[in-house]
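Beneath this line is the structure, given in structure tokens, with notes to follow.
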Amino acid sequence: MAELKLYNSLTRKKEVFEPIDTKHVRIYACGPTVYSYAHIGNARMAVVFDVLSRILRIIYPKVTYVSNITDIDDKIIAASQKSGEEISVITKKYADIYNADMASLGVIAPDIQPRATEHIADMIALIQILIAKNHAYEADGHVLFHVPSFAKYGGLSGRSHDEQMAGARVDIASYKRDAADFVLWKPSHKGEPAWGSPWGAGRPGWHIECSAMAAEHLGLPFDIHGGGADLKFPHHENEIAQSCCAHGSADDLSSFAKFWVHNGFVTVDGEKMSKSLGNVVLAHDLVKDHEGETLRLALLSTHYRKPLDWTGNAIANAKKTLDKFYKRLNQMKDMDIVDINSSKILDVLCDDLNTPLAITEMNNLLKQENSPELKSKLIAVGNILGILQHSPEKWLESKVFDGDLDVPYIENLLQQRTAARMNKDFARSDEIRDELISMGVTIEDTADGAIWKRYIVV
RNA sequence: GGCGCGGUGGCAGAGAGGCUAUGCAGCGGAUUGCAACUCCGUGUACACCGGUUCAACUCCGGUCCGUGCCUCCA
């Protein structure tokens with residue numbers, strides 16, 4: 001059995017992963033807030049944890065992967081007030097689009113995808129426990145977590161209470177007993193969504209949502225908690241505080257989740273994505289212009305913990321790499337899949353998800369002669385990385401992704417060119433090729449006739 | 001200001017105390033009506049300064065640069 005090593009943000013070390021229950025591995029990753037389209041950063045998180053869950057499923061007999069949808073949040077309320085659409089309409093719309101876009105990227109749906117609004121009762125119950133244990137208090141219609149009540153607070157992000165106060169740049173609400181205290185429950189104003197609670201009509205804070213949903217669907221402690229690196233503070237720190245104080249041990253930061261896994265940030269052309277810079281790259285737009293596998297490979301060609309700079313070059317590179325793999329698979333299309341015992345690439349992936357090295361190993365594999373073993377190995381790795389899932393013929397004929405191309409017209413031109421070449425009318429033949437190139441289509445003359453495919457303009 | 005992360009060849013991107021990373025691009029060649037594809041060959045690297053060591057790009061310290069979080073942003 002392969003040994004999986006993961007970098008644990010909680011201990012800041014790469015550690016051997018040992019499940020709490022080897023028969024059932026439980027993992028949670030913070031999903032998106034559905035008030036708009038998912039961007040490439042959301043996609044990276046979804047793809048990274050999809051790969052992790054695929055690896056876990058190879059090693060362990062049962063894996064439960066939970067990733068939530070946050071469907072109540074101030075940003076959603078703001079979006080609703082702006083557009084005039086009902087909140088439930090907005091959240092349904094963007095949750096559906098998120099799932100469709102992630103599916104395009106080859107992301108297998110999580111086993112459970114809980115919605116925050118379906119777990120309000122669990123959140124209220126959790127808050128009540130925290131109040132009963134003197135970790136939370138009611139003030140001015142709010143319920144707040146009292147940070148000084150949890151001595152280990154800050155253990156994940158490595159900030160002490162005093163350090164945070166030294167760097168605080170936020171105005172402190174008057175009802176807070178301590179500047180670091182954060183909201184568990186907040187009152188709703190007129191027109192805002194509200195649920196009844198012992199503290200009046202209101203809604204939950206963001207952090208309590210994940211604590212409640214993770215506990216409800218996985219139980220505590222569970223094995224792995226994931227999310228984007230930016231969530232480490234305050235979101236994950238606060239989740240740990242809530243969950244350890246309510247259900248686990250206030251002395252043990254790992255009594256909520258044993259491993260914390262964080263994926264790195266995505267920048268665009270060297271800059272942080274932000275609305276003010278106007279450089280937010282949406283997954284929804286990308287999947288219109290590129291095959292999902294191309295985008296997925298581009299996302300996996302940098303190690304998940306490293307910052308990833310998203311450029312057109314990365315997409316073009318991934319596309320070329322996939323074409324190369326599919327070409328070889330096409331040469332081996334009549335070969336059978338056989339059992340393979342070589343697990344070198346799985347070992348590489350088990351070393352903290354070293355996907356770039358796995359891709360390198362795939363390239364090295366290509367130096368071998370065609371054989372059922374080679375084909376089987378490529379397919380096996382592809383199944384983990386979530387690539388090479390199409391039939392090679394389809395991929396190479398560009399049938400997988402037509403984009404906005406006029407396929408019948410292209411194929412007509414191709415036939416004309418073939419006829420011209422038969423008659424040795426190379427001037428006409430080259431003229432047609434130039435036209436196709438101007439449309440973003442390249443031609444390859446193979447032994448079986450000419451094929452075409454779209455190429456990427458960077 | 002506080003807490004982190006990172007600086008590898010034209011580009012992307014792994015790695016490791018001494019052993020060719022790899023891919024793309026480039027260059028030379030084979031193939032091709034010309035190309036493309038494919039194949040063969042080929043060059044370039046480890047921010048800076050000290051230290052440890054027989055040996056450091058790899059460990060330690062410092063400097064510079066970049067970047068993330070500290071604002072319910074994945």
Side-chain angles (χ1 to χ4, degrees), chain A residues 9 12 29-33 38-49 67 70 72-76 154 156-160 162-171 180 182-183 186 204-210 226-235 237-238 262-267 270-275 280 283 298 301-303 305-309 311 313-314 316-321 323-324 327-328 331 348 351 354-364 366-367 396 421 424-427 429-430 433-434 436-437 442-447 450-453 455:
Chain A
S9 302
R12 296 176 199 217
C30 293
T33 301
H39 53 63
I40 188 68
N42 297 292
R44 185 182 197 191
M45 169 264 149
V47 168
V48 164
F49 288 97
S67 188
T70 294
I72 178 62
D73 178 274
D74 286 357
K75 286 197 296 284
I76 299 172
L156 176 67
S157 56
R159 314 157 199 250
S160 71
D162 291 344
E163 281 165 355
Q164 286 166 68
M165 291 310 99
R169 298 189 309 204
V170 197
D171 289 337
F182 57 90
V183 170
K186 67 205 292 185
W206 178 36
H207 315 301
I208 200 75
E209 298 178 6
C210 286
D230 56 316
L231 294 185
K232 213 184 269 186
F233 187 91
H235 184 55
E237 203 70 79
N238 292 353
H262 291 97
N263 63 277
F265 230 71
V266 180
T267 55
E271 285 184 305
K272 176 179 172 161
M273 272 192 292
S274 73
K275 284 186 179 159
V280 176
S301 60
T302 298
H303 185 85
R305 280 194 281 120
K306 284 214 168 177
L308 167 61
D309 192 32
T311 64
N313 202 27
N317 235 320
K319 167 72 173 155
K320 276 190 184 178
T321 303
D323 283 350
K324 193 166 61 177
K327 240 168 224 163
R328 287 297 289 276
Q331 293 168 9
V348 162
D351 184 9
N354 197 337
T355 53
L357 193 55
I359 295 163
T360 292
E361 292 298 337
M362 288 179 84
N363 273 311
N364 290 338
L366 254 34
K367 290 170 185 158
L396 294 172
R421 290 183 72 222
K424 302 217 185 290
D425 182 358
F426 297 120
S429 156
D430 291 348
R433 183 165 64 200
D434 288 345
L436 286 166
I437 285 170
T442 58
I443 294 175
E444 278 176 42
D445 291 321
T446 72
I451 61 170
W452 65 274
K453 64 184 174 190
Y455 65 91

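Proteins come first, then strands; the chains are lettered A, B, ... in the order of their sequence lines, and each starts at number 1.
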Would you mind classifying the nucleic acid contact of A/Pro307 as base, sugar-phosphate or nothing, using non-hydrogen atoms under 4.0 angstrom?
nothing
Under 4.0 angstrom between A/Asn363 side-chain N/O and B/rU22 OP1 or OP2:
no
Determine which nucleotide pairs with B/rU53, using a 3.5 Å limit on both distances of a Watson-Crick or G-U wobble pair.
none
What's the gap between B/rG23 and B/rG62 when it is taken at their C1' atoms, as a whole Å value?
36 Å
Is a side-chain N or O of A/Glu237 found less than 3.5 angstrom from the main chain of A/Ser157, in a donor-acceptor match?
yes
Would you mind telling me which of B/rG13, B/rA74, B/rC24 lies closest to the side-chain atoms of A/Pro356?
B/rG13
Side chain of A/Glu444, heavy atoms from C-beta onward: which of B/rC37, B/rG33, B/rA25 has the nearest atom to it?
B/rC37
Of A/Glu361 and A/Gly31, the one whose nearest nucleotide on RNA chain B sits closer to the 5' end is A/Glu361
Considering only B/rA35, B/rC72, B/rU22, which nucleotide approaches the side chain of A/Thr360 most closely?
B/rU22
By the 4.0 Å heavy-atom rule, please label A/Lys453 as base, sugar-phosphate, or nothing.
nothing
For atom P, what is the distance between B/rU38 and B/rC60, given to the nearest Å?
42 Å
Between A/His235 and A/Trp206, what is the ring plane arrangement, given parallel below 30°, perpendicular above 60°, and tilted in between?
parallel
Give the rounded distance in Å between these two atoms: CD1 of A/Ile443 and P of B/rC34.
16 Å
Distance between the P atoms of B/rA25 and B/rC11, in whole angstroms?
16 Å
Rounded to whole angstrom units, what separation is found between the CZ atom of A/Arg44 and the C1' atom of B/rG68?
13 Å
Using the C1' atom as the reference point in each nucleotide, state the distance between B/rC46 and B/rG6 in Å, no decimals.
14 Å
Of the nucleotides B/rA14, B/rC34, B/rC69, which has the atom closest to the A/Lys306 side chain?
B/rA14
Is any side-chain nitrogen or oxygen of A/Ser301 closer than 4.0 Å to OP1 or OP2 of B/rG13?
no
B/rU22, B/rA74, B/rG33: which one has an atom nearest the side-chain heavy atoms of A/Asp430?
B/rG33
Taking A/Lys327 first and then A/Asp323, would you say they form a salt bridge - that is, a charged N and a carboxylate O separated by under 4.0 Å?
no
Out of B/rC69, B/rA14, B/rC72, which nucleotide sits closest to the side chain of A/Lys272?
B/rC69
Separation of the C1' atoms in B/rA16 and B/rC57, to the nearest angstrom:
9 Å
Under 4.0 Å between any heavy atoms, over every strand shown, what does A/Ser429 touch: base, sugar-phosphate, or nothing? Just pick one.
base
In whole angstroms, how far is the P atom of B/rC37 from the CD atom of A/Gln331?
15 Å
Base paired to B/rG68 (Watson-Crick or G-U; both N/O distances under 3.5 angstrom)
B/rC3
Distance between the P atoms of B/rG26 and B/rA35, in whole angstroms?
15 Å
Rounding to an integer number of Å, can you tell me how far A/Phe233 CZ sits from B/rC5 C1'?
17 Å
Between the main-chain N or O of A/Ala29 and the side-chain N or O of A/Ser67, is there a donor-acceptor pair closer than 3.5 Å?
yes
Can you check whether A/Asn263's main-chain N or O pairs, donor with acceptor, with A/Arg44's side chain at less than 3.5 Å?
no
Short side-chain N/O contact to B/rC24 OP1/OP2 from A/Lys324, under 4.0 Å:
yes
Watson-Crick/G-U partner (both atom distances under 3.5 Å) of B/rC48:
B/rG62
Ranking B/rU38, B/rU22, B/rC11 by distance to the side chain of A/Lys327, first place goes to B/rU38
Using a 4.0 Å heavy-atom cut-off across all strands, classify A/Thr442 as base, sugar-phosphate, or nothing.
nothing
Report the base-pairing partner of B/rU38 (Watson-Crick or G-U wobble, both distances below 3.5 angstrom), or none.
B/rA30
Which part of the nucleic acid, if any, lies within reach of A/Arg305 when heavy atoms closer than 4.0 Å are counted: base, sugar-phosphate only, or nothing?
nothing
Between B/rU38 atom C1' and A/Asp445 atom CG, what is the distance in whole Å?
13 Å
What is the distance, to the nearest angstrom, from the CG atom on A/Asn364 to the P atom on B/rA14?
16 Å
Which is true for A/His303 with a 4.0 Å heavy-atom rule: it touches a base, it touches only sugar-phosphate, or it touches nothing?
sugar-phosphate
Report which part of the nucleic acid A/Leu231 touches: base, sugar-phosphate, or nothing (heavy-atom distance under 4.0 Å, all strands).
sugar-phosphate
Picking from B/rC34, B/rC73, B/rG4, which would you name as closest to the side chain of A/Asp230?
B/rC73
So, is A/Lys232 near the phosphate of B/rC3, with a side-chain N or O under 4.0 Å from OP1 or OP2?
no
What's the CG-P distance between A/Leu156 and B/rG4, to the nearest Å?
12 Å
Taking the basic N atoms (NZ, or NE/NH1/NH2) and the acidic carboxylate oxygens, is any pair closer than 4.0 Å for A/Asp74 and A/Lys186?
yes
Starting from C1' on B/rC72, measure out to CZ on A/Phe182 and report it in whole angstrom.
11 Å
Interatomic distance at P, B/rU22 relative to B/rC65, whole Å
35 Å
Whole-angstrom distance between B/rG51 and B/rC39, as gauged at atom P:
48 Å
Quick check for you: among B/rA14, B/rG23, B/rC73, whose closest atom lies nearest to any side-chain atom of A/Asn317?
B/rG23
For A/Asn317 and A/Lys320, test the side chains for any donor-to-acceptor distance below 3.5 angstrom and give the result as yes or no.
no
Distance criterion of 3.5 Å, no angle test: do you see the side chain of A/Arg433 paired donor-to-acceptor with the base of B/rA36?
no
Just checking A/Asn354: base, sugar-phosphate only, or nothing, at a heavy-atom cut-off of under 4.0 Å?
sugar-phosphate
Centroid under 5.5 Å and tilt under 30°, A/Phe265 to B/rA74:
yes
Return the nearest nucleotide to the side chain of A/Val266; candidates are B/rA74, B/rC34, B/rC69.
B/rA74
